[in-house]
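Beneath this line is the structure, given in structure tokens, with notes to follow.
Predicted, not measured: the structure shown is a model, and the values here were computed from it. Proteins come first, then strands; the chains are lettered A, B, ... in the order of their sequence lines, and each starts at number 1.
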Amino acid sequence: MENKTLSLDEQFQKRIDNGENIEAKDWMPEKYRKTHIRQISQHAHSEVVGMLPEGNWISRAPSLRRKVALLAKVQDEAGHGLYLYSAAETLGITRDQLMEQLNSGRAKYSSIFNYPTVSWADMGAVGWLVDGAAIINQVMLTKTSYGPYARAMVRICKEESFHQRQGYEIMLSLCNGTEAQKAMAQDALNRWWWPSMMMFGPRDEDSPNTEQSMKWKIKKKTNDELRQQFVDQTVPQAEILGLTIPDKDLKWNDERGHYDFGILDWEEFWNVVKGNGLMNEKRLKDRNAAWDEGAWVREAAYTYASKQAEKRAKKTA
Amino acid sequence: MNNEWPIWEIFIRSKNGLEHRHCGSLHAADAEMAIQNARDVYTRRQEGVSIWVVESKEITASNPSKNGEMFEPAADKVYRHPTFYDLPDEIKHM
């Protein structure tokens with residue numbers, strides 16, 4: 001029998017390889033903890049900032065039906081942000097620290113929310129493409145190794161499927177409408193297609209964290225695999241709408257059993273990541289305003305609760 | 001500034017007859033607000049008929065590094081399971 005003492009790192013890796021989940025109080029390598037704080041909080045920030053481009057259209061939704069759906073979707077996103085912040089907090093960071101990282105601009109969130117939503121059709125395209133891309137990523141993450149993150153993802157995926165369907169329904173209505181409405185839908189697809197493709201992150205060869213993330217089962221598929229899945233499932237959906245995906249290189253490859261597609265504009269990708277997107281500045285400004293304007297509510301509630309607790313303590317004393 | 005609202009653990013009973021189950025956590029200034037927030041966050045799609053909230057710091061948890069001594073002794077006590085006992089196939093209702 002092999003007589004070998006495993007180091008903590010090796011024992012940890014063995015648990016991961018056996019398909020065990022890691023829970024909050026378990027021993028974990030510091031880098032596993034830090035990677036998760038970064039990834040889960042970026043994900044949470046994305047949900048929270050993601051409310052802004054859609055909030056932009058709530059008051060101008062074309063019918064009550066569309067308005068209640070959009071409101072419900074935005075409310076879900078606030079909830080999803082909360083589930084994820086809670087998961088990050090199990091790793092020893094506080095909510096205030098997380099908010100500070102977002103508001104100061106040090107933390108990243110998904111670049112997709114740094115594009116503007118200029119027409120009602122964008123609510124359709126965002127639900128269909130952006131939520132569609134997010135769901136592909138999130139379904140994978142329901143199997144991620146860190147328990148609290150995986151559980152948040154299960155809850156999120158359950159709630160998220162209506163988001164994509166409501167977006168696609170908006171596109172469908174526009175495409176079955178007047179010429180002008182269909183043109184609006186095509187215009188939205190033209191603007192959102194490539195940014196949605198970029199949501200899966202850099203190419204595998206430019207993604208230095210992928211190998212470690214796969215080893216720790218943080219991710220179970222690479223960026224390029226997920227991107228391919230997105231293209232394969234979205235092309236037939238565009239055909240049903242009668243819209244054209246803005247990629248002249250897009251065509252079915254019988255040999256691979258997948259669609260081939262054109263090269264992404266990686267210069268634009270890195271430029272938006274670095275903060276030079278159309279809406280980076282406005283998004284941060286709006287987040288900071290929301291935080292600052294809510295300060296009196298947080299303080300008042302805290303003070304009230306403290307005073308009530310004091311009163312109760314006196315009564316029982 | 002150290003006036004962050006405390007964290008609460010939320011337990012939801014999905015319908016009468018079933019137990020409350022842990023579903024997540026949230027921040028709230030006091031118990032009443034924790035219940036209100038839990039209602040908004042965790043029961044938007046009729047997921048529950050009753051909510052319990054407990055401040056997270058009130059929970060005492062077992063230590064995972066002691067899992068060996070805590071839980072392994074049960075592993076070699078197969079005689080606590082019905083399948084441990086050999087009975088002839090003709091025996092019914094047992």
Output the distance between atom CG (B/Asn67) and atom CG (A/Asp26), rounded to the nearest 0.5 Å.
7.5 Å
To the nearest 0.5 Å, what is the distance between OH (A/Tyr304) and CD (B/Glu32)?
6.5 Å
Counting only heavy atoms closer than 4.5 Å, note whether [X] contacts chain B via side chain, backbone, both or neither.
| X | answer |
| --- | --- |
| A/Thr90 | neither |
| A/Gln75 | both |
| A/Tyr85 | neither |

Over all heavy atoms of both residues, which pair between A/Ala305 and B/Ala29 is shortest? Give the atoms and the distance, please.
CB-O, 3.2 Å
Considering all heavy atoms of both residues, which atom of A/Lys25 and which atom of B/Ala61 are nearest to each other, and what is their separation?
CE-CB, 4.0 Å
For [X], I'd like to know if atom [atom1] has over 12 heavy atoms of other residues, nucleotides or ligands within 6.0 Å.
| X | atom1 | answer |
| --- | --- | --- |
| A/Lys307 | NZ | no |
| A/Glu30 | CD | yes |
| B/Arg39 | CZ | no |
| B/Arg21 | CZ | no |

Given A/Ala301, A/Gly79, A/Ala78, the one with more heavy-atom pairs under 4.5 angstrom with chain B than any other is A/Ala301
Are [X] and [Y] side-chain neighbours, meaning at least one heavy-atom pair lies under 4.5 Å?
| X | Y | value |
| --- | --- | --- |
| A/Glu299 | B/Asn3 | yes |
| A/Tyr83 | B/Leu26 | no |
| B/His27 | A/Glu89 | yes |

Under 4.5 Å heavy-atom distance to chain A, tell me which part of B/Glu47 shows up: side chain, backbone, both or neither.
side chain
Using a heavy-atom cutoff of under 4.5 Å, enumerate the residues of residues 137-167 of chain A that contact chain B, numbered in order, or state 'none'.
A/Arg155, A/Glu159, A/Phe162
How far apart are the C-alpha atoms of B/Trp5 and A/Asp96, what are their side-chain angles, what is the distance that settles it, and do they pass the side chain to side chain contact (heavy atoms under 4.5 Å, CB included) test?
CA-CA 10 Å; B/Trp5 294 348; A/Asp96 280 355; over 6 Å; no
Would you find a donor on one side and an acceptor on the other, under 3.5 Å apart, between the side chain of A/Ser86 and the backbone of B/Ser25?
yes
Output yes when B/Arg45 and A/Asp76 qualify as a salt bridge under the 4.0 Å nitrogen-oxygen rule, no when they do not.
yes
